[in-house]
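Okay, here's the structure, questions in a sec.
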Amino acid sequence: MLEIKNLYASVDGKEILKGINLTVNAGEVHAIMGPNGAGKSTLSNVLAGRDGYEITQGEVIFKDEDLLDLEAEERARRGIFLAFQYPVEIPGVSNIYLLKAALNAVREHQGLDELDAMDFLALVREKMQLVHMNEEFLYRGVNEGFSGGEKKRNEILQMALLEPALAILDETDSGLDIDALRTVSEGVNALRSQERSIVMITHYQRLLDYIQPDFVHVLSDGRIVKSGDKELAKELEDKGYSWVKEHVEGSAA
Amino acid sequence: MKQLTELTTSFTSVADSIDLPGQDLSWIQEIRQQALAQFNQSGFPSKKVEDWKYTSLWELTQLQFSHLVEPVEVSEQHCEQLALLEDAYRVVIVDGVFSADLSKLTSLQEGLTVGPFSQSLERIQQQLGKQVSIEKEGLTALNTLLMKEGVMVHIAEDKIIDKPIELLVINTGGTDNLATHLRNMIVLDDNAEATVIEHYVGLTDTSCLTNVVSEVILAEKAELFHYKLQQESDNAFHIATLAAKQATGSQWHTNNINLGAKLARNDIHSQLFGEQSHTTMDGLYILDNEQHIDNHTRIDHFVPNTTSNELYKGVLNGSSHAVFNGKVMVHKDAQKTDSNQYNHNLLLSRNCEIDTKPEMEIYADDVKCGHGSTVGQIDMDQLFFLRARGLDEVTARSLLTHAFAVEVLERIPSEHIRKALSNVIEQRLPRGKK
């Protein structure tokens with residue numbers, strides 16, 4: 001599904017990613033954890049195709065294509081979905097308009113016709129139940145005046161509708177209370193499947209109690225320094241990121 | 001270089017040679033004489049005047065304008081396509097001449113009087129010119145000297161007029177450098193309610209001048225929904241003055257949408273003379289290439305307990321230039337005034353320019369007032385969000401531009417008119433460039 005090979009990326013001449021290697025197969029859920037400044041958000045932005053990052057080395061292969069050659073919208077249409085850490089508000093563009101435009105962009109790429117208005121609305125309603133969203137949210141501006149939890153649920157709604165092959169969840173737990181975290185996690189768990197891969201980027205272990213990963217990786221100073229199963233996350237929680245840093249420095253010395 | 005006196009002469013001399021309405025009415029002859037004297041004295045405003053600092057009429061004054069029309073036929077079908085609203089009373093003026101054939105003025109609702117200015121002079125004798133000042137504005141003096149056509153709307157007491165009234169002004173471009181001087185009078189008696197649309201359309205890119213003065217009088221508790229849609233041609237000069245006097249409890253909602261013209265200037269003035277009166281003064285301008293627009297607005301709060309909201313938004317592309325100067329005056333006695341005024345601009349290219357100046361002068365001490373202006377570009381986070389959802393960059397940019405502009409339309413209460421205007425605007429919005 002996704003293969004990241006020796007990826008180096010910098011912003012304004014400052015190197016942030018320093019040789020990432022990661023393979024994600026279909027159906028797998030990977031968690032990438034790490035302290036602030038480790039390069040977690042840079043990794044998700046680079047994968048989604050945000051401007052402003054310079055790739056100095058390495059490659060990313062997604063479904064046999066060189067991902068780094070594609071514009072952000074081309075990646076989205078091929079099935080990459082980034083759930084944003086801070087979903088932006090867009091007053092003047094209604095949520096339902098966005099959902100429809102996004103879905104049609106994907107369908108067009110897949111050679112499918114646009115859904116008619118009735119079928120589209122039925123589909124959206126079905127997906128909204130997954131994240132317990134009220135229909136009035138459809139007619140408001142995208143994320144306009146939404147609470148933190150509502151914004152994240154809106155992200156999962158978009159994911160549910162677009163059915164991506166690879167979902168990258170960037171700090172999806174940030175700013176959520178326990179109830180909202182549970183709702184969002186249930187939504188994500190419902191979307192787990194043999195065809196879909198998920199990469200969760202998170203600072204805290206608590207998200208992993210709700211969405212259990214198959215693999216956990218620790219990102220530190222632009223590299224994956226440790227990989228394991230979900231027990232690794234617990235160990236991190238107990239010992240803190242300083243433990244990883246010492247561990248890495250120790251092994252390097 | 002032509003001298004100022006020569007420039008005014010080219011206009012003042014035509015007053016004797018063309019057929020102006022009311023030549024048998026001494027009172028209107030007197031008004032025109034005063035205007036002549038005033039225009040001879042003041043002439044066209046120069047950039048030395050603060051209110052004209054960013055807008056030069058130099059190019060306009062170098063042209064030799066014509067006041068004699070070569071008639072061009074506009075078909076009924078074409079007129080239907082040009083009109084904003086299908087189901088509306090309609091007054092149609094083609095190249096400055098009222099067209100009875102194209103107008104739709106049959107089966108008028110009771111309480112509504114509407115007709116061309118040239119046939120309504122006696123009805124408006126008492127009010128004509130009272131809302132504007134020929135002393136302060138040379139162009140209003142010029143309009144008063146040469147005003148020939150326009151629309152007169154009168155709504156009787158307690159009447160609510162269901163159908164909107166559209167004034168459709170068509171410049172066909174059939175006469176080179178045609179100048180038209182229009183005067184509109186909109187009068188609502190106590191408790192009356194109406195919707196009036198001033199709609200200016202240019203059909204070809206021939207140079208022309210539209211110089212229009214609209215006067216609005218709102219009696220007690222009258223409510224007027226007033227829209228202006230300016231779609232003049234690329235080489236048109238559009239100069240407009242719009243002024244209202246409002247009595248107690250009256251409400252004026254005006255929305256000034258400018259999409260066309262090479263140079264457009266709007267002077268809009270609300271005068272709140274009665275308590276509990278309210279003005280909403282909104283506007284939208286969408287410019288491209290070398291277009292220039294200057295919106296000067298003024299709201300006078302003369303008495304206590306009045307309110308006003310003002311929102312002007314602009315989308316600038318190419319090397320266009322916009323000027324916004326909004327003044328809210330809260331006079332000494334106008335306690336409990338509640339007023340806000342905002343101007344927001346979206347710049348889509350590096351070469352466009354905006355000069356924005358929201359102003360408040362407050363002489364009362366117990367008021368609630370806010371104002372501000374912003375100038376910005378397409379938000380990169382919003383753009384990336386849309387692209388990450390599969391929308392291509394051009395689509396995403398035009399969607400965000402539309403989203404910016406549409407806020408002004410969202411404040412329009414009539415869904416019907418909102419949609420009609422929204423359709424027009426969508427066609428006019430520049431597609432975002434990379």
Side-chain angles (χ1 to χ4, degrees), chain A residues 44-53 70-95 97-110 139-144 151 154-155 157-159 161-164 166-168 170, chain B residues 255 257 282-284 286 311-315 342 344-346 348 372 374 376-412 415 418-419 421-423 425-426 428-434:
Chain A
S44 58
N45 282 327
V46 165
L47 292 177
R50 193 177 197 125
D51 290 339
Y53 297 89
L70 302 173
E71 298 285 349
E73 55 268 35
E74 294 171 320
R75 300 181 196 192
R77 291 170 194 172
R78 281 162 176 76
I80 288 193
F81 181 91
L82 172 63
F84 285 79
Q85 180 178 6
Y86 303 109
V88 67
E89 298 194 13
I90 314 181
V93 176
S94 72
N95 220 6
Y97 185 95
L98 169 74
L99 293 170
K100 198 167 183 179
L103 181 63
N104 284 334
V106 170
R107 288 180 66 92
E108 194 187 330
H109 179 77
Q110 293 169 343
Y139 301 100
R140 284 165 58 177
V142 173
N143 295 321
E144 189 182 4
K151 284 179 182 169
N154 203 23
E155 293 291 286
L157 170 65
Q158 291 157 38
M159 175 178 160
L161 189 71
L162 298 175
E163 300 185 326
L166 172 68
I168 303 158
D170 189 3
Chain B
N255 203 318
I257 297 172
D282 291 349
L284 175 65
I286 300 173
L311 175 66
Y312 263 74
K313 288 190 123 178
V315 176
Y342 295 98
H344 302 300
N345 297 280
L346 178 62
L348 298 178
T374 61
Q377 295 161 319
I378 291 278
D379 183 301
M380 286 300 131
D381 289 336
Q382 292 179 340
L383 186 64
F384 177 60
F385 181 91
L386 293 175
R387 293 179 70 194
R389 292 295 174 263
L391 280 68
D392 67 76
E393 183 169 355
V394 171
T395 305
R397 279 181 184 271
S398 53
L399 186 61
L400 291 173
T401 306
H402 182 261
F404 172 85
V406 83
E407 187 189 358
V408 173
L409 300 185
E410 279 166 0
R411 289 157 62 106
I412 294 173
E415 192 186 345
R418 194 165 60 236
K419 277 194 176 153
L421 289 170
S422 181
N423 287 340
I425 283 162
E426 247 154 68
R428 184 62 185 73
L429 277 174
R431 302 282 285 177
K433 292 185 187 76
K434 207 167 182 178

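Given the structure is predicted, the values throughout are model-derived calculations rather than measurements. Chain naming here is simple, since letters A, B, ... match the order of the sequence lines and numbering starts at 1 in each.
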Problem - Other residues, nucleotides, ligands: >12 heavy atoms within 6.0 Å of A:E108 CD - result: no
Practice task
Kindly determine whether A:V142 and B:R389 satisfy side chain to side chain contact (heavy atoms under 4.5 Å, CB included), including the steps that lead there.
Solution key: CA-CA 12 Å; A:V142 173; B:R389 292 295 174 263; over 6 Å; no
Exercise for the section: Please tell me if the side chains of A:V88 and B:M380 come closer than 4.5 Å, counting only heavy atoms from C-beta onward. Expected result: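 With C-beta onward as the side chain, the pair stays apart.
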Practice task
Of all the heavy-atom pairs spanning A:E73 and B:D392, show the shortest one and how long it is.
Solution key: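 That would be OE2-CA, 3.6 Å.
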Practice task
Check each atom of A:R75 against the heavy atoms of chain B and say whether the ones under 4.5 Å are side chain, backbone, both or neither.
Solution key: neither
Problem - Among the listed options B:A396, B:A403, B:A388, the residue most often paired with chain A at heavy-atom distances under 4.5 Å - result: B:A403
Handout entry: For B:F385, all residues meeting ring pair (Phe, Tyr, Trp, His ring centres under 6.0 Å), sequence neighbours excluded
Key =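 Expected list: A:F84.
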Exercise for the section: Under 4.5 Å heavy-atom distance to chain A, tell me which part of B:L383 shows up: side chain, backbone, both or neither. Expected result: neither
Exercise for the section: Could you look at B:Q382 and say if it's the side chain, the backbone, both or neither that has a heavy atom under 4.5 Å from chain A? Expected result: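 Both parts, backbone and side chain.
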Practice task
Identify the heavy atoms of B:R387 and A:A76 that sit nearest to each other, and give their distance.
Solution key: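 So the minimum-distance heavy-atom pair works out to O-CB, 4.0 Å.
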Exercise for the section: Compare every heavy atom of A:A105 with every heavy atom of B:G390, then report the nearest pair and how far apart it is. Expected result: O-CB, 3.3 Å
Handout entry: Contact leader toward chain A among B:D381, B:D379, B:V406, where contacts are heavy-atom pairs under 4.5 Å
Key = B:D381
Handout entry: Pick from A:L103, A:L162, A:L99, A:L98 with the largest number of heavy-atom pairs that fall under 4.5 Å of chain B
Key =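 So the answer, after comparing A:L103, A:L162, A:L99, A:L98, is A:L98.
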Practice task
Evaluate whether atom OH of A:Y97 has more than 12 neighbouring non-hydrogen atoms of other residues, nucleotides or ligands under 6.0 angstrom away.
Solution key: no
Fill in the blank from the handout: When the 4.5 angstrom heavy-atom criterion is applied to A:V106 and chain B, the contacting part is neither
